[in-house]
Protein chains: 2
Amino acid sequence: MRKIADSTVRRLSLYLRFLEDFEEQGVDTVSSEALATRGGTTSAQVRKDLSFFGSFGKRGLGYSVPELASRVREILGLGQTYRVAVIGAGNIGAALVHFRGFEKHGFHVISLYDSDPKKIGRQSNGLVIRDQRDMEDDIAQDPIDIAILVTPASQAQKLVDRLVKAGVKAFLNFAALQLRVPDDVIVKNVSLALELEALSYALRNR
Amino acid sequence: MRKIADSTVRRLSLYLRFLEDFEEQGVDTVSSEALATRGGTTSAQVRKDLSFFGSFGKRGLGYSVPELASRVREILGLGQTYRVAVIGAGNIGAALVHFRGFEKHGFHVISLYDSDPKKIGRQSNGLVIRDQRDMEDDIAQDPIDIAILVTPASQAQKLVDRLVKAGVKAFLNFAALQLRVPDDVIVKNVSLALELEALSYALRNR
DNA sequence: CTATGTGAATGATTTCACAGCT
DNA sequence: AGCTGTGAAATCATTCACATAG
C-alpha cells in the first residue's frame with residue numbers, strides 16, 4: 001500500500017468519531033459534505049482521503065454509516081486489541097490510567113510503572129504500580145504493543161532505549177523532548193508546551 | 001510577516017527546547033545542523049524556518065545560543081505571561097493544574113472550574129475549584145487568555161460558546177470532538193484517541 | 001574554509017471540476 | 001438529479017545548491 005500522509009490518517013480517525021456519533025443516533029447514511037462540515041474540512045478532502053483505500057460510497061446517495069465506520073476501523077487497524085503500558089505514575093500517568101476513554105477502541109492499559117519506591121506497590125485505579133526495574137522481565141512474560149511515556153524528560157530516553165530493546169515498537173511520548181529510536185519504531189508526541197506555544201504565536205499574529 | 005505554516009511554528013517551539021538545553025549547559029554557539037539532528041529534521045529546514053522571521057546567524061559560525069533563544073521566544077510571543085483557566089477538574093484537569101512545567105514560559109494557571117457540587121470549593125494543588133456557573137462573572141472581573149478544556153465531550157461545545165462570548169480567544173481542547181468557533185478564535189486539539197489510532201495505523205503499515 | 005540565507009527545483013497535499021453511477 | 005470518485009491544476013512545504021559573509 002502506497003505511502004499515506006499522516007494528515008490523512010488523522011482525519012480518518014476524526015471521521016470515525018463522527019461516524020460513531022451518527023451510529024449512536026441511528027443515522028444510516030452520510031454524505032462527504034456532512035463529514036466535512038463536522039470536521040472543518042471540505043467534501044473533496046473527505047472523498048480524497050477515503051479514495052486512497054477504496055470506494056465505499058454510493059453515487060447519488062452517500063455512505064452507509066455502519067459500513068463506512070467499519071471500513072475506517074479496519075483501515076486504522078482497530079479490529080484488534082492493543083496492550084498498553086503507562087510508564088510514569090505521576091499526575092498525568094495516573095490520570096491516563098483512570099481515563100478509560102480509549103478502551104472502546106481496543107487500547108487496554110495493562111500495566112503502570114514508576115521508579116519511586118514510595119509509589120511502587122500502591123494501587124492506582126485498580127492497577128498496581130510496578131517497579132520500573134521489572135519492565136523487561138514483565139514484557140518478556142507478557143508483551144506490550146504500545147508504551148505511553150509520562151516521565152520527566154531526563155529519564156525518558158533511557159527508558160525508551162530499554163523498552164525498544166525489550167521489543168516495544170510504538171510509543172506515545174508526553175515528555176518534552178525528541179526521542180531517538182530505530183527506523184522501525186514509531187513515536188507520536190503529545191506536548192502541552194508545544195501546543196501552548198503554538199497558541200501563543202497564533203494569538204499574537206491573528 | 002505573512003502566513004507561516006503551523007509546522008514551522010511547531011518546529012520553532014521544538015528548537016527553543018533545544019536552545020534552552022544548550023543555554024543550561026553553557027554552550028554558546030550552535031549550528032543549524034546541530035539543531036536539525038536533535039529535532040529529527042535537516043539543516044536546510046532549520047535555516048528556512050528561521051529565515052521567515054529574519055537572519056539571526058553568523059555565516060561560517062552558526063547561531064549565538066542566547067540570542068537565538070531570545071529571538072525565538074519573541075517570535076512565539078513568550079515575552080508576556082498568559083492567564084490560563086482549566087475547565088474541568090477531573091483526573092486530567094487536576095493533573096494539569098499540578099503540572100507546573102509550562103510556568104517557565106509564562107503560562108499561569110489561575111483558575112480551575114467544575115460543575116460538580118461535590119468538587120466545587122475543594123482545593124486542587126492550592127487552587128480552589130470554582131463553580132462553572134461563575135465563569136462569566138470571574139472572567140469579566142479578571143480576564144483569561146487561554147482556556148484548557150478537559151470536560152466530557154458532551155459539555156464541551158456549550159462551555160466554549162459561553163467562554164467565547166465572555167471574550168476568550170484561545171482554547172486548548174482535550175475533548176474528543178471538533179469545536180465550532182468564530183474565525184478570530186483559535187483552537188488547538190490534543191486528542192489521545194487520535195494519537196493512539198495513528199499509532200495503530202502505523203503499526204499495521206510498517 | 002565554514003556555515004548561513006535564499007531563490008529555484010522538487011515533492012507533497014489540497015482543491016477543482018466533471019465524468020460516471022445510482 | 002444528486003453525490004461519489006478521481007485525474008488535472010493549484011497551492012503549499014521541503015530540499016537542493018550555491019553565492020555570500022565571517
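The sequence lines fix the lettering, A, B, ..., with proteins before strands; numbering per chain opens at 1. These numbers come from the heavy atoms of this one structure, side chains and all, not from hydrogens, waters or symmetry mates.
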For this session: Taking the side chain as every heavy atom from C-beta outward, state whether Y15(B) and V72(B) have any atom pair closer than 4.5 Å.
Result: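 They are not in side-chain contact.
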Exercise. Would you say the side chain of R38(B) lies within less than 4.5 Å of the side chain of F22(B), judging by non-hydrogen atoms?
Worked result: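 Yes, their side chains come closer than 4.5 Å.
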Exercise. Looking at the side chain of T42(A), which of dT15(C), dA13(D), dT6(C) is the nearest nucleotide?
Worked result: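 The closest nucleotide is dT15(C).
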Nearest heavy-atom pair of [X] and [Y]: which atoms, and what distance?
{"X": "I144(A)", "Y": "A85(A)", "result": "CD1-CB, 3.4 Å"}
{"X": "A36(B)", "Y": "S43(B)", "result": "CB-N, 3.4 Å"}
{"X": "Q157(A)", "Y": "L179(A)", "result": "OE1-CA, 3.5 Å"}

Write down the distance between [atom1] ([X]) and [atom2] ([N]), rounded to a whole number of angstrom.
{"X": "R10(A)", "N": "dT13(C)", "atom1": "CZ", "atom2": "P", "answer": "14 Å"}
{"X": "F53(A)", "N": "dT4(D)", "atom1": "CZ", "atom2": "C1'", "answer": "17 Å"}
{"X": "I4(A)", "N": "dA12(C)", "atom1": "CD1", "atom2": "P", "answer": "13 Å"}
{"X": "L12(B)", "N": "dA13(D)", "atom1": "CG", "atom2": "C1'", "answer": "14 Å"}
{"X": "R11(B)", "N": "dC12(D)", "atom1": "CZ", "atom2": "P", "answer": "16 Å"}
{"X": "K48(B)", "N": "dA9(C)", "atom1": "NZ", "atom2": "P", "answer": "13 Å"}
{"X": "D6(A)", "N": "dT14(C)", "atom1": "CG", "atom2": "P", "answer": "11 Å"}
{"X": "R47(B)", "N": "dC16(D)", "atom1": "CZ", "atom2": "P", "answer": "11 Å"}

Would you please confirm or rule out a distance under 4.0 Å between OP1 or OP2 of [N] and any side-chain N or O of [X]?
{"X": "Q45(A)", "N": "dT15(C)", "value": "yes"}
{"X": "S32(A)", "N": "dT4(D)", "value": "yes"}
{"X": "Y63(A)", "N": "dG2(D)", "value": "no"}

Problem set entry | First of T8(A) and S55(B) reached from the 5' end of DNA chain C, by closest nucleotide |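 The 5'-side residue here is S55(B).
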Exercise. If you find the nucleotide of DNA chain C closest to K58(A) and the one closest to V30(B), which residue's nucleotide is nearer the 5' end?
Worked result: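 Closest to the 5' end, via its nearest nucleotide, is V30(B).
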Exercise. With no angle test and no hydrogens, is the base of dT22(C) tied to the side chain of R59(A) by a donor-acceptor pair under 3.5 Å?
Worked result: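 Side chain to base: no pair present.
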